[in-house]
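The block underneath contains the structure these notes are about, expressed in structure tokens.
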Amino acid sequence: MDDSTQQNESPIGAAGPRSFSGADPFLPVPVDAVGKQITVVDAAMGDALVKAGAINSEQLTSARNVIARSPGRRLVDVVLESANDAEVVQRTVAEATGIGFERVDYDQIESIKQLETLGDDYCLKNGVIPIRPRGSRLVLGVVHADDLIAVDEVQAKLGQSIKPVLVTPQDIAAAIEKHREDSSSGNEVAVDEIIADIDEDDVEVVQDEEDDLDLDKDQAGSSPVIRFVNYLIYNAVKEGASDIHIEPQEKKLQVRYRIDGVLFDAMNPPAHMKNSIVSRLKIMANLDIAERRLPQDGRIRAMVHGRKLDLRMSTLPMVQGEKVVLRILDTRSIQVNLDDLGMSEDMLHMWKNQIKQPHGIVLVTGPTGSGKTTTLYSSLNQMDRQKLNISTVEDPVEYHLSGINQTQTHESIGMSFAGALRALLRQDPDVIMVGEIRDGETSKIAIQASLTGHLVLSTLHTNDAPSAVTRLINIGVQPYLVAAALRGVLAQRLVRRVCASCAEPHEPNEHEQRILAHLAKDGIVPEQMLRGAGCKKCRNTGYSGRLGVYEIFVPDGECMDAVSRGASLQEIRKLAKEGSTYITLRDDGIEKVSAGLTTLEEVFRVVSA
């Protein structure tokens, strides 16, 4: 980060803090007879935010209404909660207040010692982060331009004069997260040390007193089994795994992590550990440790790397013992802007048009683990949660969303998707998200809801987008109702991304040349092809991270006529391809190959050739 690029900044010196600009537009003043304070916001700041595109006029009006009802709240605080782009907001505020703006990258932070002196929790709570020294002063990233008290506190704690620059809260959170991971890496316990003295009798069957288990603290616990189980989870999160598979074999216990959609061997503890490990996990998930003949499902809430995670646990009796699968649910994975999911510009425009519809049903299809939930949650986050009553019915509620009413189904007590959806329709909803349409009753209620003035979003398990039509008909929905209600279908898969650290130009091999020759017949010729050579960062796989491959189907009038008369899937596909609003998974995947984002091998691993 180059200081020369920053705007004029007013330091806070030894003499104490002072206002960043001549007139502070955020200062609260008392206005009512009861003695309450209502923050008076300079109209110029609001207009500047609207002009910069950070918010629209309706959001500004809404923010001012919130301020009027919430004494002490600041305009920027309220705007940052609802704005799509925090960077635009902070840049606008920086220009208005006369201090600089910077993006914060943890790898470029030079004042790590000062960060550790303040503490991660303090920085997150107060919206500050030390960045680098500048002479005798410290460049301090701040979220609130007018929070002079916090800046004064930092100055007193560190004994340095402060030069504030505005940053986004997201950058501070990401930097603190990376700092916590780096800090914890030196405290990992070697697997050999953990399992050296493990016995099956080392598990004490006790009930955890707290719902949240702090794995960082438990790593220093007395029981080797506890430390080993914690290590499995702790290391899986560090490696970026989405699932942990614990599989009993005849002479060993196989532990595998699913990373970027592919399973990797993590470790192979001795077979005599299997009952101890499974029992410990059952205790953490409040399951019956004595029952080993029936499948069980549970949930573990854990504190890992300083953040709360949910782990969905499933056990299944096998010949050699019980297999356990833990699905790691991390809220960071769904905090993705719709624009950042990887859709092409045309496809993104079409999808946004579908979720803006006042009524109808919009579907996302794909296999388990293809990112459907992330897409739906990103779509809901795009909506105006202040003006709309947005409600969901899910099994389970994987992530908790602010401003959205979420309902958990309970089949064992009769709270099914259909029952919950029927009750939800009496709650005056505008937008309804149904976790999955899996039976005729749920599909019929969802269709009826979409025909009576509600926008319904849901998922289906189909191989491509047009198949959603025949799937709905097969589970009992009349063809004419499907034609009347369906607005659009998005099919998706996840492919591994070429590692940016070791990507290099790639000449197609014989198999890929045959694929390219076939694609050339359809006029599809990738401009370039990259492949990862393999490095430490990507575990020598050549891939790091994942991105979506999408297919969108928006039926036109002719297609809907065909659906309503009960046309076959082949006819629907033919009509879709003849229209201008159908982009296939294959076409989108090849575009990403041309852009150097993934490989042909990856695309055809998840898409039918």
Side-chain angles (χ1 to χ4, degrees), residues 205-213 243 278-279 281-302 308-317 322-329 331 334 361 363-364 368-369 372-373 376-377 380 389-450 452 454-461 471-472 475-477:
V205 182
V206 295
Q207 183 69 36
D208 290 307
E209 295 181 356
E210 298 181 0
D211 288 333
D212 293 339
L213 302 171
D243 301 85
V278 173
S279 295
L281 287 168
K282 284 183 176 180
I283 290 171
M284 294 169 72
N286 293 318
L287 299 181
D288 183 359
I289 66 170
E291 180 56 76
R292 297 183 178 179
R293 301 166 300 171
L294 295 174
Q296 297 188 67
D297 294 311
R299 171 191 178 193
I300 299 171
R301 295 183 63 193
K308 288 184 179 180
L309 297 178
D310 272 356
L311 294 92
R312 305 292 181 180
M313 176 175 165
S314 172
T315 70
L316 181 66
E322 288 181 281
K323 175 182 176 180
V324 177
V325 176
L326 295 169
R327 165 66 58 89
I328 301 171
L329 302 177
T331 54
I334 58 119
I361 189 165
L363 299 172
V364 180
T368 301
K372 300 188 297 295
T373 300
L376 284 178
Y377 282 176
L380 293 180
N389 178 12
I390 304 174
S391 302
T392 73
V393 181
E394 303 169 70
D395 180 27
V397 176
E398 295 187 2
Y399 305 101
H400 298 282
L401 299 175
S402 174
I404 293 177
N405 309 295
Q406 296 175 272
T407 302
Q408 167 80 53
T409 63
H410 295 281
E411 293 283 351
S412 60
I413 59 173
M415 183 68 161
S416 63
F417 271 108
L421 185 53
R422 195 178 291 111
L424 196 61
L425 289 173
R426 296 192 289 270
Q427 293 285 310
D428 186 31
D430 297 300
V431 179
I432 301 171
M433 189 194 92
V434 183
E436 181 185 349
I437 294 178
R438 59 177 68 163
D439 56 62
E441 187 180 9
T442 303
S443 64
K444 290 175 184 177
I445 298 173
I447 291 288
Q448 290 296 335
S450 69
T452 53
H454 308 91
L455 178 64
V456 179
L457 285 76
S458 189
T459 69
L460 274 179
H461 288 275
R471 173 66 177 154
L472 288 172
I475 61 178
V477 182

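Counting from 1, the numbers follow the sequence of the chain as shown.
- Looking at heavy atoms from C-beta onward, L425 lies in side-chain contact with I445 at the 4.5 angstrom threshold.
- Atom-to-atom distance recorded for I300:CD1 and L287:CG is 8.0 Å, nearest 0.5 angstrom.
- Under 4.0 Å is where a charged nitrogen must lie from a carboxylate oxygen, and between D297 and R312 no such pair does.
- Side-chain contact between L363 and I437 is present, with heavy atoms from C-beta onward closer than 4.5 Å.
- Partners of L294 under the side chain to side chain contact (heavy atoms under 4.5 Å, CB included) rule, at least two apart in sequence or in another chain, are E291.
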### Derivation and outcome, side-chain contact (heavy atoms from CB on, under 4.5 Å), residues H461 and T368
CA-CA 8 Å; H461 288 275; T368 301; 3.5 Å; yes

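- Annotation: side chain to side chain contact (heavy atoms under 4.5 Å, CB included) contacts of R438 (sequence neighbours excluded): D395, F417, E436.
- Applying the side chain to side chain donor-acceptor pair (under 3.5 Å) test to every pair with at least one member in residues 415-434, sequence neighbours left out, gives these pairs: R422-E441.
- Scanning all heavy atoms of the two residues, the minimum distance from P429 to N389 falls at CA-ND2, 3.5 Å.
- Rounding to the nearest 0.5 Å gives a distance of 10.0 Å between CD1 of I432 and CG of L457.
- Nearest heavy-atom pair, T407 versus A420, reported as atom, atom and distance to 0.1 Å: CG2-CB, 4.3 Å.
- Applying the side-chain hydrogen bond (donor to acceptor under 3.5 Å, both in side chains) test to D288 and every residue at least two apart in sequence or in another chain returns nothing.
- T392 pairs by the side chain to side chain contact (heavy atoms under 4.5 Å, CB included) definition with L380, E394, I404, Q406, M433, not counting sequence neighbours.
- For T459 (side chain) and G435 (main-chain N/O), a donor-acceptor pair under 3.5 Å exists by modelled atom type.
- When the salt bridge (Lys or Arg N to Asp or Glu O under 4.0 Å) test is applied to K444, no partner is found at least two apart in sequence or on another chain.
- Contacts of K282 classified as salt bridge (Lys or Arg N to Asp or Glu O under 4.0 Å), with partners at least two apart in sequence or in another chain: E322.
- If you take OG on S443 and CD on Q448, they are separated by 10.0 Å, rounding to the nearest 0.5 Å.
- We find the CE-CG distance between M284 and L326 to be 8.5 Å, quoted to the nearest 0.5 Å.
- To the nearest 0.5 Å, the span separating CG on N286 from CZ on R301 amounts to 12.0 Å.
- Residues passing the side chain to side chain contact (heavy atoms under 4.5 Å, CB included) test with P295 are L316, P317, sequence neighbours excluded.
- In this structure, I475 and D439 approach most closely via the heavy-atom pair CD1-O, 3.9 Å.
- For S450, the side-chain hydrogen bond (donor to acceptor under 3.5 Å, both in side chains) criterion is met by no residue, not counting sequence neighbours.
- Residues V325 and K323 approach most closely at CG2-CE, 3.7 Å, considering heavy atoms.
- Between V456 and A449, the closest heavy-atom pair is CG2-CB, 4.0 Å.
- Once rounded to the nearest 0.5 Å, the distance linking CD1 of I447 with CD1 of I361 reads 4.5 Å.
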